[in-house]
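Below is one structure, written out as structure tokens, with a few remarks after it.
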Amino acid sequence: MAEIAAYWRNYIDGAWADGGAGRIDVTDPATGETVAEHALADDADVDRAVQAAGRLHRSGALTDMRPIERGRMVQAMGAYLLANKEEIAEVLTREQGKPLWESVIEVEGAAAYFEYYGNQASTVEGRSIPLGAGYFDWTVNEPFGVSAQIIPWNYPVEMTARSLSAALATGNACVIKSPEMTPLTNAWFARAAEAAGFPAGAVNVLCGLGHEAGAALSAHPGVNQIVFTGSVPTGIAIATAAARNLVPCVLELGGKSAAIVHDDADLAAFENDIRWGIYFNAGQVCSAMSRVIVHESRAEEMVERAEAVAKSLLVGPGIERAEFGANMGSMVSVRQRDRAAGMVQRATEQGARVVTGGRPLNRPGAFLEPTVIADVSPDMDIAREEVFGPVLSILTFRDEADAIEIANGTDYGLVSGVFTADLDRATRAARQLRAGQVFVNEWYAGGIETPFGGYGKSGYGREKGREALWNYVQTKNVAVRLKG
Ligand code: NAD
């Protein structure tokens, strides 16, 4: 394993910089040991980064370029990530806790965003609007200018890649506020931008505390557009700051997503959906399948199968888990782990039954046993609140209407699933489910090509797919009065 540098800096205006707010320790959640220190940005650092991005935007260096050229540079950033895949994955596992094989998947996923949006750079076309013989009219879609991107700790590489690739492809200059718990891997975006030939100011990466650097960035008058992934309270704070400056934002705020499993579903195949849906990244996934709503006739079998999946997972330090398989790493922090364990405890107090798991592992590190909770009713906290951990809640339904009502019965609406052999039933559910994505017979069906985002308190705006490009551009209409 390569040695990890002891100290990591921010990247502002094309140069590595110390932080005005000092340094922060980055902890390996699997051991509790300090991995490295990272520079911590203050308001002045944020201001310098926003100014640098603004200057670069106004220079026209990105916007004057032919989009296909800019797209090639975006793609080169993805190639850079792939070329450094092993090293990034190791650091990611050390700072975040996920198994090494999951980190490799994350870096590959991040690179794919640069490939996909690099390809799209030249497709952001305007249109010509007929106004009769006396006029010639056309539209152009111009970048907002400075895009501020506030990143969560659960997928620090993939989430930054998602917004950064689309923002650069459309010609924006970017200021990234990396997550304070997992900031190290974001350094590779600065390196990738340099390697791809982006000018200074195009990509700035700062680590800072949410209520300091994060708040300063989202309130900065030089920011023209904001992208945020994280919790609902922070999303509200960011939307409020954005409203004060009248700038648009994209909010991706998590969920309490449900799979409806009908009596004709293939439950053997569904074991795979449980494995990926709730135990991938130890359940710290905004679109996790945290609720299964199963027809009462199959409930017993479902509980048995979920228990078997949970018990099959070998839990331990992610760095020892290089091979894809039945294993799980630590959660991101002891605080998050204790929060999840506390929610399991509260569920039992409200009448739910822990089938397996629910306890911290008896060893150092932020480990929680893969957990299955049965006898959950829709009014319990565990059925309504995001756990953000490896905790599956199983509920039952009698008829289709009942299932939809339960699935739609939370404040969230990020993704949803329906599992059945009956295509008519699946299609009906897809129409009735209030969520930004509906998976039929495979949790996470779709990919970076398919639009993703929430209904309700899961936020607004869309990431992924061609839809995401519209977050980063504004339409200008040009109307020309012709002579004769
Ligand atoms: P958070 O929303 O507080 O943090 C996410 C990011 O926002 C971090 O970069 C943080 O520094 C920044 N931030 C925090 N306060 C800010 C502020 N006032 N202004 C601007 N930026 C600010 O999330 P968290 O505390 O790390 O985790 C708490 C919960 O959030 C989790 O348990 C989970 O439910 C949810 N979460 C969801 C996702 C997701 O993908 N939807 C990701 C991470 C966390």
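For ligands, and for the atoms within them, numbers begin at 1 and follow the listed sequence.
T234 OG1, 3.1 Å is the protein heavy atom nearest to atom 3 (O) of ligand 1. Nearest protein neighbour of atom 12 (C) of ligand 1, counting heavy atoms only, is I150 CG2, 3.7 Å. In terms of protein heavy atoms, atom 42 (C) of ligand 1 is closest to P152 CB, 3.3 Å. The nearest protein atom to atom 17 (C) of ligand 1, hydrogens excluded, is given as G210 O, 3.3 Å; this is a heavy-atom distance. Of all protein heavy atoms, the one closest to atom 32 (O) of ligand 1 is Q336 OE1, 3.2 Å.
Ring to ring, F280 and W443 are not that close: their centroids are 6.0 angstrom or more apart. Outside the 6.0 Å centre-distance limit, the rings of F144 and Y472 are not counted as a close aromatic pair.
Within the listing of ligand 1, atoms 41 (N) sit less than 4.0 angstrom from a heavy atom of E252.
Of the heavy atoms in W153, only side-chain atoms (C-beta onward) come closer than 4.0 Å to ligand 1. Only the side chain of E180 comes within contact range of ligand 1, with a heavy atom under 4.0 Å; no backbone atom does. In I151, the part holding a heavy atom less than 4.0 Å from any atom of ligand 1 is the backbone. Within the 4.0 Å heavy-atom criterion, the part of L253 lying near ligand 1 is the backbone and not the side chain.
Residue-ligand proximity: R339 is placed with a non-hydrogen atom under 4.0 Å from ligand 1. At a 4.0 Å cut-off, at least one heavy atom of F228 sits close enough to ligand 1 to count as contact.
Residues meeting the side chain to side chain donor-acceptor pair (under 3.5 Å) test with D375, sequence neighbours left out: R353.
Within the model, atoms OG1 of T356 and CD of E307 stand 5.5 Å from one another, a figure rounded to the nearest 0.5 Å.
Within 6.0 Å of CD in E405 there are 12 or fewer heavy atoms belonging to other residues, nucleotides or ligands.
Between E385 and the choices R339, K457, R346, the salt bridge (Lys or Arg N to Asp or Glu O under 4.0 Å) rule is met once, by R346.
Of all the listed residues (S333, A241, G214), G214 holds the heavy atom that lies closest to atom 20 (C) of ligand 1.
The two residues V223 and A148 have their closest heavy-atom pair at CG1-CB, 3.6 Å. What you find for A239 and Y460 is that their closest heavy atoms are CB-OH, 3.7 Å.
Between E386 and K256 there is no salt bridge, since no side-chain nitrogen of the basic residue lies less than 4.0 Å from a carboxylate oxygen of the acidic one.
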